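Everything below concerns the one structure shown next.
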Amino acid sequence: MPIFALCDVNNFYVSCERLFRPDLEGKPVIVLSNNDGCAVARSAEAKALGIKMSTPRFELDDLIQRHEIVTFSSNYTLYADISQRVMTTLEALSPRIEIYSIDECFADLTGVETNHSLVEWGRVAKATVQKNVGMPICVGIAPTKTLSKLANHAAKKYAKTGGVVDLTDPERQKRLMALVDVCDVWGVGRRISARLQEMGIGTALDLAQANPKHIRKQFSVVLERTVLELNGISTIPLEPVQANKQQILCSRSFGKRITEFDVAAQAVAQFTARAAEKLRAEKQQCKSLTVFIRTSAFARDEPQHHAQMSTRFEHPTDDTTELISGARKLLRRMWKDDRRYAKAGIMLGEFSEDAVSSQLDIFSAVPAQRQKRAELLSALDEINQKQPQLIRFASQGVKREWDMRRDHLSPGYTTSWRDLPRVR
DNA sequence: TCTGGGGTCCTAGGACCC
DNA sequence: TCTGGGGTCCTAGGACCC
């Protein structure tokens, strides 16, 4: 029987911001999404003030003033760096981990024998991450991923657990599941939970006791697996190696509404350049490109326009120039002059291994021009990695009036020499 | 006035083929 | 004049996750 430990950082983005601002300990803190749109991370104090996940910032203005809530724009460069430190620390404690998201991983504890040592493992992991990285984590331990998520949920919710819950005992599983709303089960979202409620399935235990075949018929094979997992039957294995991406997406809401084609084209060129960079970092090339634009769904009284168009390249490519020119053509065909666009994005798909670099070894007959091009792009990537966006394509624009809002950005404490914290 | 971004997987239904 | 059915592939859209 496998044993999974789900380790996840408490209020991750907030904890990252506090790491370099210990004065914020005990104070309400929130971190906003891109464009300073919504609250996506809240400290315990902010949660206690009733701030819900994804509340738009403008609805919080009052509360922020009244309670002196400290507000940050998201600083993904910082979070990604801290995340890596957390994962490296946990990897040293369990050779097999699966990095599941920026702030959590599943560790394989198979072989850690007794219950006593399972809890002990959790305590050690928690203490080590706290000591080495300064991040608070909780650990949930169980024979399936879904149950370990549930155990983690309990570890966070009940202080007396000390942040570590061992849910390997079936009786204990049942007792906890009876207390947990079905909507808090991993894999049960808003829609499905509403339908389950109608069927009289209100708790995790109700779902565990439902007939899996019936659930499959009514819903899908995915929810059937959830039922099995709640019963201690592991159906979702640990996947330590990250699979190659199947899609790369880059999209942004604009800092303000866009009504001019040229401005939108700059933004789309910018997204495309970024996506192409990610593509090359993955050592992949793409065959398809999709562009989408949309007006704001919140502006009910305005004429709406949601459009999406794709194109296919004859040969797989990772060339920013080619991609930008393809994206621009698609945008042109969709564009309507009389709309106020709120968001745009591009997607790359249908990947294949980077032909140039693999062919370099195998064949000598790579056209010189392609090879030159590849060298140029990799030089570009190398420079931009040191200082993001130092070199740009002209089509990405200079004024960048569409750029997102980031009014409360913290310094790049760990990734920029300029922002290194000073010790006085 | 202001409402995130980046992913994955599954399913239904249409197109197409024999 | 008669006018099937099954399999496969692809795509769009929906659901979920953090």
Side-chain angles (χ1 to χ4, degrees), chain A residues 6 8-13 30-41 52-62 64 71-76 79-80 83 98-106 145-146 149 152-153 182-196 215-226 235-236 239 242-257 271 274-275 278-279 282 288 290 292 294-302 306-310 312 340 342-351 404-408:
Chain A
L6 178 68
D8 118 343
V9 182
N10 308 343
N11 319 326
F12 180 55
Y13 296 170
I30 59 173
V31 177
L32 301 173
S33 63
N34 272 331
N35 223 21
D36 292 347
C38 303
V40 288
K52 298 266 182 288
M53 184 69 172
S54 303
T55 312
R57 198 218 66 250
F58 69 89
E59 284 179 15
L60 294 172
D61 284 347
D62 248 21
I64 290 174
T71 305
F72 290 96
S73 301
S74 19
N75 184 345
Y76 287 105
Y79 311 151
S83 169
E98 172 187 338
I99 297 172
Y100 177 67
S101 74
I102 192 161
D103 75 328
E104 61 190 299
C105 73
F106 291 100
K145 280 186 171 177
T146 306
K149 275 276 193 184
N152 189 282
H153 178 80
V182 74
C183 64
D184 289 328
V185 172
W186 190 44
V188 178
R190 243 189 37 243
R191 298 300 180 92
I192 289 178
S193 127
R195 282 177 59 197
L196 287 171
I215 290 291
R216 179 180 191 144
K217 236 180 156 174
Q218 295 287 310
F219 296 87
S220 73
V221 63
V222 181
L223 197 61
E224 180 193 27
R225 283 201 280 262
T226 302
T235 63
I236 311 171
E239 280 165 29
Q242 273 201 317
N244 281 336
K245 282 195 170 58
Q246 301 183 29
Q247 182 184 69
I248 289 173
L249 188 144
C250 186
S251 72
R252 287 283 180 285
S253 298
F254 304 128
K256 55 182 190 183
R257 301 282 184 259
F271 305 157
R274 179 73 193 108
K278 290 191 211 169
L279 184 67
E282 291 262 315
S288 82
T290 302
F292 67 85
R294 59 181 64 142
T295 50
S296 169
F298 297 102
R300 296 253 165 69
D301 45 349
E302 283 181 27
H306 287 207
Q308 167 167 333
M309 262 187 172
S310 302
R312 268 207 172 87
R340 300 172 69 232
K343 180 176 182 169
I346 77 118
M347 283 179 267
L348 306 179
E350 295 181 59
F351 296 158
M404 65 177 176
R405 297 178 59 167
R406 288 177 105 181
D407 295 340
H408 311 278

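Worth saying up front: this structure is predicted, and the values here are computed from it rather than measured. Every chain is numbered from 1, with letters handed out A, B, ... down the list of sequences.
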Practice task
For Asp103(A), answer base if it contacts any base atom (sugar-phosphate contacts may also be present), sugar-phosphate if it contacts only those atoms, and nothing otherwise; contact means non-hydrogen atoms under 4.0 Å.
Solution key: sugar-phosphate
Exercise for the section: Remember a base hit wins even if backbone is also touched, and classify Val31(A) as base, sugar-phosphate or nothing at under 4.0 Å, heavy atoms. Expected result: nothing
Exercise for the section: Identify whether any heavy atom of Arg216(A) sits under 4.0 Å from a base atom; if not, whether one sits that close to sugar-phosphate; answer base, sugar-phosphate or nothing. Expected result: nothing
Handout entry: Asp61(A): partners by salt bridge (Lys or Arg N to Asp or Glu O under 4.0 Å), with sequence neighbours left out
Key = Arg57(A)
Completion exercise
When every non-hydrogen atom of Ser73(A) is compared with those of Asp407(A), the smallest separation belongs to OG-N, 3.3 Å
Completion exercise
Heavy-atom nearest nucleotide on DNA chain B taken for Ser253(A) and for Phe58(A); more 5' hit belongs to Phe58(A)
Exercise for the section: Would you indicate what Arg294(A) reaches in the nucleic acid, counting non-hydrogen atoms under 4.0 angstrom: base, sugar-phosphate, or nothing? Expected result: nothing
Exercise for the section: Give one of base, sugar-phosphate or nothing for Arg405(A), where a contact means two heavy atoms less than 4.0 Å apart. Expected result: nothing
Exercise for the section: Side-chain contact test, heavy atoms from C-beta onward, threshold under 4.5 Å: evaluate it for Arg257(A) versus Ser296(A) and give yes or no. Expected result: yes
Practice task
Would you indicate what Ile102(A) reaches in the nucleic acid, counting non-hydrogen atoms under 4.0 angstrom: base, sugar-phosphate, or nothing?
Solution key: nothing
Practice task
Check whether any side-chain heavy atom of Ile248(A) lies under 4.5 Å from a side-chain heavy atom of Phe351(A), and answer yes or no.
Solution key: yes
Handout entry: DNA chain C stem ranges, 3 or more consecutive Watson-Crick or G-U pairs under 3.5 angstrom
Key = B:5-18 with C:5-18
Practice task
Report which part of the nucleic acid Arg225(A) touches: base, sugar-phosphate, or nothing (heavy-atom distance under 4.0 Å, all strands).
Solution key: sugar-phosphate
Practice task
Assign Gln246(A) to base, sugar-phosphate, or nothing according to its heavy-atom contacts below 4.0 angstrom with the strands shown.
Solution key: sugar-phosphate
Practice task
Pick base, sugar-phosphate or nothing for Ile248(A), based on heavy-atom distances below 4.0 Å to the nucleic acid.
Solution key: sugar-phosphate
Problem - Given Lys343(A), His306(A), Arg340(A), the one that forms side chain to side chain contact (heavy atoms under 4.5 Å, CB included) with Thr295(A) - result: His306(A)
Exercise for the section: On the 0 to 90° scale, with breaks at 30° and 60°, tag the Tyr100(A)-Trp186(A) ring pair as parallel, tilted or perpendicular. Expected result: perpendicular
Exercise for the section: Select base, sugar-phosphate, or nothing to describe what Tyr100(A) touches, counting heavy atoms under 4.0 Å on all strands. Expected result: sugar-phosphate
Exercise for the section: For Phe254(A) and for Ser251(A), locate the closest nucleotide of DNA chain B by heavy-atom distance; then report the residue assigned to the nucleotide nearer the 5' terminus. Expected result: Phe254(A)
Completion exercise
Span of DNA chain B engaged by chain A, first through last nucleotide within the 4.0 Å heavy-atom cut-off, is dC2(B) to dT11(B)
Problem - Distance between C1' atoms of dG4(C) and dC16(B) (Å, rounded) - result: 15 Å
Handout entry: Sugar-phosphate only, base, or nothing, as touched by Lys145(A) at under 4.0 Å among non-hydrogen atoms
Key = nothing
Exercise for the section: Remember a base hit wins even if backbone is also touched, and classify Lys343(A) as base, sugar-phosphate or nothing at under 4.0 Å, heavy atoms. Expected result: sugar-phosphate
